[in-house]
Amino acid sequence: MSQNNIYEYLLDRDTVSNKLLLVAKNDKDAIKISHTATFLDYKTFILPDLRLSYGDDLRSFQAELHELIEALYGYYNCNKKKILISPIRTLLMPLPKKEFFPSIEIEFASNIKIQELKNKLYYWGYHFVDIVTQKAEVSFRGDIIDIYPLGGNRAYRISLFDEDVESIREFDINTQKSIQDEIEFIHIIPALLGLNQKQYEEWQNRVKQSHFDVFVKDIDSLGFWYLDELGKNFVQFFDTILVEDMSSELDEIYSLDTPLISKDNFSSLSIIPKAKKFRELEVINPNAIIKSNSAKKITIIAKNESIVRGSELVSFNGLIFVYKDIILNLISDSEVIISLNKPAKRKKVKKASILLDELKVGDYVVHENHGVGLFKGIEKRVVLGATREFVLIEYQNEDMLLIPVENLNVIDRFIADSGSLPILDKMGKASFKRLKSKVKEKLFAIASQIINLSAQRHLKKGIILKKDILEHKIFMSEAGFIHTPDQEEAIEAILSDMASGKMMDRLLSADVGFGKTEVAMNGMFVAWKNGYQSMMVAPTTLLSSQHFKSLKERFSKYNIQIAKLDRFTTTKAKKEILKGLEEGTIDIVVGTHALLKAKFKKLAFVVIDEEHKFGVKQKEALKEIAINVHLLSMSATPIPRSLNMALSQVKSFSEILTPPIQRQGVRTFVKSYDDKIIKEAITRELRRGGQIFYVFNSIAQIEEKRRVLLNLMPNLRVALLHSKISAKQTEEDMIKFEAGEYDVMLSTSIVESGIHMPKANTMIVDGADRFGIADLHQLRGRVGRGGKEGYCYFMVEDKDNLSEQAKKRLLALESHSNLGSGAVLAFHDLEIRGGGNIIGEAQSGHIKQIGYSLYIRMLEDTIKELSGQTKEKDEPQVDIKLTIDAYLNEELIKEDRLRLELYRRLSQCNNRAEVYEIEEEIADRFGKLDTISRQFIDVMVMKVLAKEQNITKIVNAKEKVFIEFSDGRERVMLKSYSKDDDDLIATVMEYLKK
């Protein structure tokens, strides 16, 4: 697709019809066309690239359908000269007509009929939820309406007084807090189509009678296949023209599928002619081009003036500047057009601040004194004549523990490696205390070792490695891709550590395929430039050979000697490599633990990949080697922030959270188990030359499953992977799989984390309802890592017998390919497990019984204690027993899970300001606090103040209030005016604030 053809075609048309539809091969080309037309002052609207097969479940394409509605709304309501641009696959189905794109405006001080608004939004396709976190969701809570309409990237909170609009504000979907500035009015457009009740119900009935197999038969899943009179054939309706010949694309599409729009619609379309005057221009040095074409008309395109000022342009004389965010580089006999803009960067993976759904009834929790129990929910109890809320936890023999909600911080969700279930502890028995002190001893040993090692390294002078700025810039530009901002930051940090004269000890965490190796290679390059050697150690032969390949490729231009040492190296070669390392003729060596005995002439930089997978002895050897050199550890699992902070004096951390530009993401489908679907999914992947992961979580029946697959497709090459197969065999199979000698990898659970398999882009999870949501997310993250889109099929045995919870979980996964609270939770779990691993005792049985979260909390305390950051003493729990009604009222906050989340955050507050901040947030999200809820906030403030003053107990008997201390001071008695709630609170507060 050439921009010069488009440019000339549009330039020569004085009167391009206002019904022009340009058809591109894919979304990348569509963007290029849009840039060209925008330069010529057309308003362009791009339809998303909808790669659907007839009958697909549309929930997996929710984001694209939203884009489609937004683009069509914009197009239909635009009165300037405009062009519609669409990738060819999007036009294979009828698309909605103009009359279904109305909008409503809600303005300040206007009157809203709530029931009417609810009905309208329902027929317009909005989802009603208790908390709004993404587009097309709305929530009605008393006097507050939250809505995230399509058409922009902002969510709004409307506060009502009765039916009048009192204020409209934006709010942040991550923190759920609103932004202070008020807005005059907002615009709401349909989330699907702007229909009335009759049209909506007719559409719904057509969908209900569908014969397609989807998880839920509703408009979200199938609506667009049954538009009928609501849609039209765009190819016929518009003045449609192809931007290039697409016969091979059309042949491929119609050989695999029978779309609703038939092939002959496309055969009569004309193609944009080739350009005669203009040709595309490759801009490396703009100044040289301007100089050699100085007689021509020269136009410079830039997003804004600061880009021009920051550019390398020598002079601005005689140049015409156009400020647009587009890329277009063309040249003709009389004219030159140059763009200074860079291609767009990808967004970061968000870390969420609110962890919803963190505790579900029936989850395992761990209490810091009583051990592991089952979470049974929240309930109200009347104690001493006052109503309070308690969290119920069940222990062995159905013993129940009631924890006042203000002390929720003593429990944590129990997190262990997937699949291992804990044993419930017995309440009041000393066994858990003993276990805790054992773990504490062990942690002391580990932590003191970490701190001593670090002290030894700090005493040594670091090897100073300086970089040549220009040379390094050139080296970075040869990577073959644009570095993400996180990568640049990590590289910068590593190189400045190396030049600082101290010993580097840095941990780099980033998901597979996010470019950790590239970061490490920058360090190796600098070491080589300074005349030193580098070594890279990986726990498996497969990983080391993957790294070796990357290094060979990346350093091919330079005279750098690279060697690889692992099990497969012959004895003769091994001898030569070891000799080369000792004599300094080899610059970089990659390998497994076979390297640990090597001697080096001038070693300066060691990179350890996936350190937690090495055995104990190997770790010791690694530590020995790494004492006098710069050390970079790389890990594919993230690590909790609090642990980073505790370790900050010992290690420095870098994280890469931005996915590479070309990464496509994953489409998820939830299906009932059916051989046909399995066969279709496997065939779909093999057709595009890919491979398949098939996850089946039972070692006992896995052989049987393999036979089933071979009966379905006799020529399938299937590899088996599970814990009973020897490590050597596993590794050989993995190497064969990577080389493409197998089609399907049939394995029991999580497919090994650190391995990059760009060809494996379909994942089938058999019995998905039996996995936790965090595991499903991790599994899904194994595919769609290269430039190809991944497909993930979650198969369930019997969808009619699934619990509501399980259904909800799976639907959420289907519609958010990468967002949603599940991803946050998965990330949280991963972080916590990663934290357990980094210390290297992950395999010990201790963690299994106390869970990672408590383990990490204890570890942080131990490290702080040993490195002298603070002397931790066991914090006294404050026991507040006042006869006042204090809890978050469910009339204010209806959902248990939202109350629980707020209780959890309030119980972790360390000062008054934090408590009041949450109070403001509650008022903002749920409306004005009533007396009972406000009194609960007061109790939380008392708790924080009492902790600061070493108070352990605040109780009252009628109007007398007693206060007890942990440091042996005498107890204090206060007298309140009366035994009313407000008097008691005032009396205690006055004392505490003195």
Side-chain angles (χ1 to χ4, degrees), residues 364-373 393 395-396 401 403 407-417 420-455 507 611-612 616 619-620 623 639-651 828-829 831-878 907-908 910 947 950 952 966-967:
Y364 285 98
V365 290
V366 54
H367 183 293
E368 55 184 44
N369 299 325
H370 301 287
V372 178
I393 295 177
Y395 285 92
Q396 243 179 22
L401 175 67
I403 303 178
N407 296 338
L408 253 186
N409 52 337
V410 298
I411 63 171
D412 264 309
R413 214 157 50 93
F414 178 87
I415 299 176
D417 283 318
S420 62
L421 285 183
I423 307 148
L424 289 188
D425 279 304
K426 221 182 182 145
M427 226 165 96
K429 260 188 79 197
S431 53
F432 188 71
K433 280 229 167 68
R434 280 203 298 275
L435 180 71
K436 254 181 79 173
S437 55
K438 256 198 207 134
V439 173
K440 186 117 184 142
E441 271 168 39
K442 197 137 194 169
L443 281 174
F444 245 94
I446 297 170
S448 49
Q449 190 186 7
I450 292 178
I451 285 165
N452 290 341
L453 247 165
S454 145
L507 177 74
E611 180 175 5
H612 57 267
V616 179
K619 276 196 185 144
E620 290 304 309
K623 281 178 190 148
I639 277 129
R641 238 190 77 198
S642 51
L643 188 62
N644 287 0
M645 301 294 285
L647 285 169
S648 61
Q649 303 191 335
V650 187
K651 254 186 187 333
H828 178 71
D829 275 18
E831 277 193 326
I832 296 224
R833 284 183 202 166
N837 279 334
I838 181 182
I839 302 308
E841 285 298 307
Q843 289 68 30
S844 75
H846 297 310
I847 291 193
K848 273 216 175 61
Q849 191 51 32
I850 70 171
Y852 278 126
S853 18
L854 183 58
Y855 179 76
I856 285 190
R857 240 170 47 189
M858 290 170 67
L859 172 68
E860 283 163 20
D861 293 346
T862 315
I863 290 178
K864 278 185 184 155
E865 205 172 322
L866 283 173
S867 55
Q869 294 173 37
T870 48
K871 184 79 190 90
E872 281 287 324
K873 50 180 182 312
D874 277 345
E875 276 200 350
Q877 277 302 329
V878 184
S907 72
Q908 290 168 342
N910 290 320
K947 251 191 192 160
N950 293 329
T952 53
S966 61
D967 49 13

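Note: hydrogens, waters and symmetry copies are ignored here, and every other heavy atom, side chains too, is used. The model shown is predicted, which means the values in this text are computed figures rather than measured ones.
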Q: Return the minimal non-hydrogen interatomic distance between Val366 and Phe432, and the atom names on each side.
A: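 Between these two residues, the closest heavy atoms are CG2-CZ, 4.0 Å.
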Q: State the CG-NE2 distance between Leu408 and His367, to the nearest 0.5 angstrom.
A: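 Answer rounded to 0.5 Å: 10.0 Å.
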Q: Please check this pair: side chain of Ser966 against backbone of Asn950, looking for a donor-acceptor N/O pair closer than 3.5 Å.
A: yes
Q: Applying side-chain contact (heavy atoms from CB on, under 4.5 Å), can you list everything that pairs with Lys426, at least two apart in sequence or on another chain?
A: Gln396, Asn397, Lys429
Q: Using every non-hydrogen atom in the two residues, find where Ile403 and Ile411 come nearest and quote the distance to one decimal.
A: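 Taking Ile403 first and Ile411 second, the nearest heavy atoms are CD1-CG2, 3.6 Å.
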Q: Look up atom NZ in Lys433 and atom NE2 in His370, then write down how far apart they are to the nearest 0.5 Å.
A: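 One gets 7.5 Å once the value is rounded to the nearest 0.5 Å.
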Q: Where do Tyr364 and Leu424 come nearest, in terms of heavy atoms and distance?
A: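 Of all heavy-atom pairs spanning Tyr364 and Leu424, the closest is CE2-CD2, 3.8 Å.
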